[in-house]
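Written below as structure tokens is the structure these notes are about.
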Amino acid sequence: MNYWLFKTEPDECSIDDFANSPGTAIVWEGVRNYQARNFLRDQVKLGDLVFIYHSSCNAIGIAGVARVVQSSYPDPSQFNASSPYFDAKSTGSKAPWVAVDLQFVEKFPQLLSLDKLKQSTKLEQLPLVKKGNRLSVMPVSSAEWQHIITMSQDRGRDDETGKTT
DNA sequence: GCCAACGTTGGC
DNA sequence: GCCAACGTTGGC
């Protein structure tokens, strides 16, 4: 099993959209970057776990966890002329973009902010925290995954002093 | 809204 | 294949 982090603008698809429809498969479509596409197409597998990251919004950070319930298949939005993700160059035989299906697992008790993630020396290798990074589908190591899960459960505790606030 | 960083496009 | 111009991402 592999671990991932997917970025999303919460205005479009947020952790609450997952939390509000537990047990429902949500189509993760609209990935239009080749490096992200390659991960999605070749390495994201049924049963993998995914951090849902909220970007370009007021509260930036990891909001929760979802599970892959369907591995990659042609992204329907590339054929849909009314979709913002429409790609006129995509045809049935030449369709470069793929989607996967995700299902709700967990919403963190509180959002784990990008600022907190950047403070952790254990996450320095995560592409997310590197300057200028734009990758919207990225692998997370099992050690990073476990550390982030631990951080998400470490509520109200100050990183510097260890005192509860 | 700004703008740095990055990816893509297209002329040559 | 190079690389300048352009478009997009995404934090601030």
Side-chain angles (χ1 to χ4, degrees), chain A residues 2-19 26-44 48-66 68 72-102 104-141 144-145 147-152 154-155 158-160 165:
Chain A
N2 294 312
Y3 299 105
W4 303 96
L5 183 146
F6 290 5
K7 292 181 186 172
T8 177
E9 298 189 13
D11 285 350
E12 190 176 353
C13 178
S14 81
I15 194 68
D16 289 324
D17 295 319
F18 285 93
I26 290 184
V27 179
W28 199 268
E29 62 185 10
V31 172
R32 295 292 181 272
N33 165 284
Y34 286 105
Q35 195 183 355
R37 188 283 311 267
N38 290 347
F39 282 128
L40 210 58
R41 185 188 60 189
D42 304 331
Q43 295 189 46
V44 173
D48 286 359
L49 291 174
V50 179
F51 284 133
I52 302 300
Y53 174 86
H54 289 174
S55 70
S56 299
C57 58
N58 288 335
I60 298 166
I62 299 175
V65 177
V68 177
S72 64
Y73 58 95
D75 180 343
S77 68
Q78 69 192 313
F79 307 118
N80 179 1
S82 61
S83 167
Y85 302 122
F86 177 63
D87 184 344
K89 296 192 291 293
S90 293
T91 66
S93 58
K94 272 204 158 187
W97 309 117
V98 298
V100 300
D101 290 351
L102 300 182
F104 179 69
V105 172
E106 169 192 14
K107 178 181 177 178
F108 288 166
Q110 60 183 21
L111 180 119
L112 182 51
S113 70
L114 176 60
D115 190 51
K116 279 260 173 61
L117 296 168
K118 282 179 170 175
Q119 286 173 26
S120 172
T121 55
K122 291 181 180 173
L123 300 177
E124 284 170 351
Q125 299 307 311
L126 195 63
L128 182 76
V129 303
K130 293 182 179 174
K131 187 178 179 183
N133 171 71
R134 294 167 57 172
L135 192 58
S136 61
V137 171
M138 71 182 73
V140 176
S141 75
E144 288 164 343
W145 181 274
H147 185 61
I148 291 169
I149 291 291
T150 301
M151 289 176 81
S152 78
D154 193 18
R155 288 194 284 163
D158 186 279
D159 281 337
E160 296 287 331
T165 51

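So you know, we letter chains A, B, ... as the sequences are listed, proteins then strands, and number each from 1. Below, all heavy atoms of this structure are taken into account, side chains as well, without hydrogens, waters or symmetry copies. These figures come from a predicted structure and were not determined experimentally.
Atoms CG and NE2, on A:Asp16 and A:His54 in that order, are 7.0 Å from each other to the nearest 0.5 Å. Here the straight-line distance linking atom CH2 of A:Trp28 with atom CG of A:Leu40 works out to 10.0 Å at 0.5 Å rounding. One distance of note links OG of A:Ser113 with CD of A:Gln119; it measures 7.0 Å at 0.5 Å rounding.
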What does the list of N/O pairs under 3.5 Å between the protein and nucleotides 10-12 of chain C look like, with a distance for each?
unit_1: C:dG10; atom_1: OP1; unit_2: A:Lys7; atom_2: NZ; d: 2.8
unit_1: C:dG10; atom_1: OP1; unit_2: A:Arg134; atom_2: O; d: 3.1
unit_1: C:dG11; atom_1: OP1; unit_2: A:Tyr53; atom_2: OH; d: 2.6
unit_1: C:dG11; atom_1: OP2; unit_2: A:Ser56; atom_2: N; d: 3.1
unit_1: C:dC12; atom_1: OP1; unit_2: A:Lys118; atom_2: NZ; d: 3.0

Taking N or O atoms only and anything under 3.5 Å, show me the protein contacts with nucleotides 3-5 of chain C, one pair per line.
none

query: Could you walk me through whether A:Trp4 and A:Asp48 pass the side chain to side chain contact (heavy atoms under 4.5 Å, CB included) check?
result: CA-CA 8 Å; A:Trp4 303 96; A:Asp48 286 359; 2.9 Å; yes
- request: In sequence, state the C-alpha distance, the side-chain angles, and the governing distance for A:Ile62 and A:Ile52, and then conclude on side chain to side chain contact (heavy atoms under 4.5 Å, CB included).
  value: CA-CA 6 Å; A:Ile62 299 175; A:Ile52 302 300; over 6 Å; no
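Considering all non-hydrogen atoms of both residues, A:Ser136 and A:Val31 come closest at OG-CG1, 4.4 Å.
If you measure from atom CH2 of A:Trp97 to atom P of B:dG7, you get 13 Å, rounded to the nearest angstrom. Between A:Tyr85 atom OH and C:dT9 atom C1' there is a gap of 13 Å when expressed in whole angstrom units.
Taking the ring centroids of A:Tyr85 and A:Trp97, they lie at or beyond the 6.0 Å cut-off.
A salt bridge links A:Arg32 with A:Asp75: the closest approach of a Lys/Arg side-chain nitrogen to an acidic carboxylate oxygen falls below 4.0 angstrom.
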